[in-house]
Amino acid sequence: MINSTNLTNLNSSLRAFGAVPSDISVRWIDIGLSSPELFHASYVGLAHAQARDAEPVILWGRATAHVCLGASQSAADELEPEIAFPVCRRPLGGGTVWLDETQYCFIYIVPQAHLCSAPRTWGEWALAPALGTYHDFDLLVRRVDQDIWLHQQKIGGSGSATVNQCAVIAGSFMMHFAADSFVSCVRASCPGFRKRLASALKEGMTDWASHQTPPNEQDLKQVFQHNILRELGWYCRDGNFFPHELAAIEAAVLELREDDAEDVVRPKVRRVKINAHTYLCERYFGKQWLRVLTDRDRISSLEASLNLSPQIVCGLYDVPVEKAHLRAYLSQYLHQESASCWAERIYDTVRVSHG
């Protein structure tokens with residue numbers, strides 16, 4: 001199943017990725033299945049415990065079902081008041097995500113001495129072994145920004161942050177995606193938002209089991225480690241936590257509990273990321289509201305309290321999302337003042353969604 005690859009050109013290809021080619025041994029720590037709190041504290045604590053020139057660590061494991069918020073998100077704003085699953089907030093970038101036992105997660109903790117590129121390029125080299133793994137199982141995926149796509153759907157994502165001068169980059173192999181469970185947790189101002197979200201997830205996301213029988217964990221891990229060696233020149237050796245790392249993880253657990261107890265400033269716009277190109281956004285203006293699904297800065301669906309005919313709304317899909325263009329189009333159907341108001345609201349909602 002695994003194709004042999006000549007590694008003689010490894011260093012030059014890695015320099016293009018921005019990782020330091022080293023052909024070194026890295027610690028592979030398998031934490032198995034853990035609670036959401038311990039799962040996220042493990043990579044945060046590990047990063048805090050590393051010296052600048054320490055060897056990279058790759059954490060492998062799964063977490064029980066939970067909703068994970070981005071660092072700047074508010075649970076009160078993003079989620080229903082009472083949900084059946086735990087909620088955690090992570091220090092990595094990105095929005096609200098669903099994690100459960102059917103996702104095999106990998107987290108790189110790479111100290112500064114092993115980095116020679118800007119954070120915006122980390123996804124390119126960090127996702128290369130995952131891409132190779134999918135290819136070895138005959139799933140012809142490709143990288144789209146920080147996502148992994150199969151055909152026109154997202155099958156995997158990633159998030160990254162700098163913690164204690166370490167690059168922390170996380171991703172996962174998603175065997176199944178419990179879309180219904182995720183949708184039930186997301187705060188919805190009305191049934192229309194939840195219905196639109198479910199539809200967008202169905203169109204924009206997929207999982208391994210939708211295309212073939214997923215591999216067992218041992219086979220998946222073996223192929224992934226082979227691709228880490230092939231793409232990064234890192235030989236994975238089984239390791240465990242050192243005492244000072246365990247202490248740092250315990251401290252991270254306490255810190256995450258404090259963070260979860262505090263709410264953050266709520267954004268004006270509700271935003272749910274479907275994949276690298278697609279966002280579902282909702283915004284209220286008093287009693288008026290606007291709900292927009294965007295794809296590559298283009299409107300693909302729009303619903304609003306403003307009473308526009310389906311024909312007029314469909315015409316918006318072809319209009320560039322710029323205030324002047326939106327105003328000119330809407331002026332054909334609305335009074336000038338109303339056209340200007342809604343053009344600005346549409347523009348601000350869409351642009352914030354991609355900010």
Side-chain angles (χ1 to χ4, degrees), residues 13-19 43 68-73 78 90-99 103-110 115-135 139-163 167-174 177 179 182 197 200-208 210-211 224 227-228 231-232 267 269-281 292-301 320-321 349-355:
S13 63
L14 284 175
R15 293 188 191 283
F17 278 142
Y43 61 80
C68 190
L69 299 173
S72 62
Q73 290 186 300
E78 299 293 332
R90 67 190 184 282
L92 306 183
T96 307
V97 298
W98 171 265
L99 288 174
Q103 298 176 45
Y104 293 99
C105 301
F106 55 90
I107 303 98
Y108 301 88
I109 298 97
V110 187
L115 296 168
C116 60
S117 65
R120 67 178 180 275
T121 68
W122 290 350
E124 185 175 0
W125 60 264
L127 289 179
L131 293 172
T133 300
Y134 281 109
H135 292 166
L139 291 175
L140 301 182
V141 300
R142 70 188 193 280
R143 186 177 64 85
V144 178
D145 296 336
Q146 305 307 308
D147 290 348
I148 297 175
W149 283 30
L150 180 62
H151 308 308
Q152 299 304 312
Q153 294 176 297
K154 172 182 174 180
I155 195 172
S158 67
S160 63
T162 300
V163 179
V168 178
I169 310 157
S172 69
F173 295 100
M174 188 162 58
F177 177 47
F182 177 63
L197 175 59
L201 288 171
K202 183 178 180 180
E203 293 177 4
M205 292 195 65
T206 189
D207 56 29
W208 201 309
S210 296
H211 303 274
F224 184 49
N227 276 276
I228 291 171
E231 299 292 345
L232 302 183
V269 178
R270 288 289 320 285
R271 177 181 73 167
V272 179
K273 181 179 178 181
I274 307 301
N275 57 44
H277 292 161
T278 308
Y279 293 83
L280 176 62
C281 303
V292 186
L293 185 69
T294 62
D295 184 358
R296 297 177 177 87
D297 289 326
R298 286 278 183 168
I299 296 171
S300 57
S301 170
V321 185
T349 300
V350 171
R351 289 308 179 196
V352 169
S353 77
H354 290 270

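- Residues V110 and W125 form a side-chain contact, since some pair of their non-hydrogen atoms from C-beta on lies under 4.5 Å apart.
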Before giving the answer on side-chain contact (heavy atoms from CB on, under 4.5 Å), spell out for L131 and E231 the whole-Å C-alpha distance, their side-chain angles and the decisive distance to 0.1 Å. CA-CA 10 Å; L131 293 172; E231 299 292 345; over 6 Å; no

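- To the nearest 0.5 Å, atoms OH (Y279) and OG1 (T349) are separated by 15.0 Å.
- Side-chain N or O atoms of D147 include one that pairs as donor or acceptor with a backbone N or O of A276 at under 3.5 Å.
- L232 is listed as a side-chain neighbour of Y108, based on a closest heavy-atom distance under 4.5 Å.
- Atom CD1 of I107 sits about 13.0 Å away from atom OG of S160, to the nearest 0.5 Å.
- With a 4.5 Å cut-off on side-chain heavy atoms, H277 and D145 count as touching.
- Side-chain contact between H135 and V141: present, with at least one pair of heavy atoms (C-beta onward) separated by less than 4.5 Å.
- To the nearest 0.5 angstrom, D207 atom CG is 10.0 Å from L150 atom CG.
- Ring-centre distance between F224 and F173: below the 6.0 Å cut-off.
- A donor-acceptor pair under 3.5 Å links the side-chain atoms of Q103 to the main chain of W98, judged by distance alone.
- Between K154 and T278 the shortest side-chain heavy-atom distance does not fall below 4.5 Å.
- Looking at heavy atoms from C-beta onward, V272 lies out of side-chain contact with T96 at the 4.5 angstrom threshold.
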